[in-house]
Amino acid sequence: MAVYEFFKKEFEFRGKHARMAGELCTLNDYEHTYFRRVIDVYVLAAVVGLRVDRKAEADDSPNETKSIFPEQMIGAKEDLDFLMQIMMILENRERLTAEESVKKAFQSVETKEEFEYYRDLFHSYVRGGVEELYERLVLRKGEVDEEFYDEKTANLMALLERFGAFWEKAE
């Protein structure tokens, strides 16, 4: 019986998602970029895509790619496996009981077809998350009356507010 494991191979953003990931993560430009590594974009995009239930189709345009090497994927595997389990629970909640859904998420996939289905579904959430992050952090222009001194900070705070994060202001 074959063993199917997620997040052991290189991942490649393609087309518009590669361009978006590239703008979110520009090497050595910490003043204008939001992420230091493409793997960080990948992980947060998975969270965001799942949180806002946003998926996106692959854009296989050959003009641009951004790669995440296997070592980086393996280094983030524990977190990514947990996100995959959450996605599987959410995906199966309407057709399985809660107990069956959790069991399914915490056991390994059994067939190549099942592996490919969940891998592709996870990547569609990642692409949707990249689009959401790009729209909120790169395309969004900070409001003139916002309380933050620069557009980058204003965009980050707006993103956090979108997901219900809040801080009490010191008086």
Side-chain angles (χ1 to χ4, degrees), residues 2-92 104-140 151-153 155-160 162-163 165:
V3 175
Y4 299 100
E5 281 192 70
F6 299 102
F7 315 114
K8 297 275 265 196
K9 294 184 177 179
E10 179 176 329
F11 175 78
E12 191 171 74
F13 284 110
R14 296 180 167 277
K16 71 179 184 180
H17 298 104
R19 181 183 50 76
M20 291 175 183
E23 288 187 47
L24 288 163
C25 176
T26 305
L27 190 63
N28 298 321
D29 184 9
Y30 305 123
E31 184 176 330
H32 300 102
T33 194
Y34 290 91
F35 299 92
R36 291 179 185 255
R37 305 172 309 159
V38 179
I39 186 70
D40 299 328
V41 174
Y42 182 85
V43 172
L44 187 60
V47 171
V48 169
L50 286 167
R51 175 69 175 86
V52 299
D53 193 24
R54 183 169 178 175
K55 301 175 204 165
E57 293 294 321
D59 176 10
D60 291 323
S61 304
N63 57 344
E64 200 166 346
T65 62
K66 275 282 189 204
S67 297
I68 304 170
F69 298 111
E71 310 82 55
Q72 291 178 308
M73 294 295 284
I74 292 168
K77 188 173 181 352
E78 187 175 327
D79 294 331
L80 292 168
D81 282 340
F82 179 69
L83 292 171
M84 176 65 81
Q85 291 164 334
I86 289 171
M87 185 205 70
M88 291 173 79
I89 290 169
L90 294 172
E91 179 68 11
N92 292 311
K104 179 84 177 146
F106 286 88
Q107 63 187 2
S108 61
V109 294
E110 297 173 0
T111 65
K112 180 179 180 183
E113 292 77 20
E114 188 179 30
F115 171 80
E116 290 172 351
Y117 171 78
Y118 286 118
R119 181 201 58 207
D120 294 346
L121 181 62
F122 188 86
H123 289 155
S124 73
Y125 278 112
V126 168
R127 290 186 299 269
V130 165
E131 290 178 3
E132 184 80 17
L133 289 169
Y134 183 78
E135 290 164 7
R136 303 243 172 222
L137 298 176
V138 176
L139 295 182
R140 180 184 180 275
E151 198 171 277
K152 184 177 177 183
T153 304
N155 287 350
L156 283 169
M157 295 305 290
L159 178 70
L160 292 172
R162 162 105 162 92
F163 299 111

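The shortest distance between side-chain heavy atoms of Phe7 and Met84 falls below 4.5 Å. Counting heavy atoms from C-beta on, the side chains of Tyr125 and Leu83 never come closer than 4.5 Å. In this structure the side chain of His123 never reaches within 4.5 angstrom of the side chain of Phe13, judged on heavy atoms.
The aromatic rings of Phe115 and Phe6 lie parallel to each other, with less than 30° between the two planes, well short of the 60° mark.
Cys25 and Val41 get closest at one heavy-atom pair: CB-CG2, 3.9 Å. Heavy atoms only, all atoms of each residue included: Ala45 and Val126 are closest at CB-O, 3.4 Å. Closest approach of Glu10 and Pro70 over heavy atoms only: N-CG, 3.7 Å.
Residues forming a salt bridge (Lys or Arg N to Asp or Glu O under 4.0 Å) with Arg119 (at least two apart in sequence, or on another chain): none. Legend: residues meeting side chain to side chain contact (heavy atoms under 4.5 Å, CB included) with Ile86, ordered by chain and number and at least two apart, are Phe82, Leu90. In this view, Tyr4 satisfies the side-chain hydrogen bond (donor to acceptor under 3.5 Å, both in side chains) rule with no residue, not counting sequence neighbours. For Tyr134, the side-chain hydrogen bond (donor to acceptor under 3.5 Å, both in side chains) partners are Arg19, Glu23, not counting sequence neighbours. For Asp81, the side-chain hydrogen bond (donor to acceptor under 3.5 Å, both in side chains) partners are Lys77, not counting sequence neighbours.
Here salt bridge (charged side-chain N to carboxylate O under 4.0 Å, His left out) pairs that include residues 55-73, with residues two or more places apart or in two chains, number zero.
At least one donor-acceptor pair closer than 3.5 Å links the side chain of Tyr34 to the backbone N or O of Leu137.
A side-chain N or O of Tyr117 and one of Glu91 form a donor-acceptor pair less than 3.5 Å apart.
More than 12 heavy-atom neighbours from other residues, nucleotides or ligands sit within 6.0 angstrom of CD on Gln107.
The aromatic ring centroids of Phe11 and Phe122 lie 6.0 Å or more from each other.
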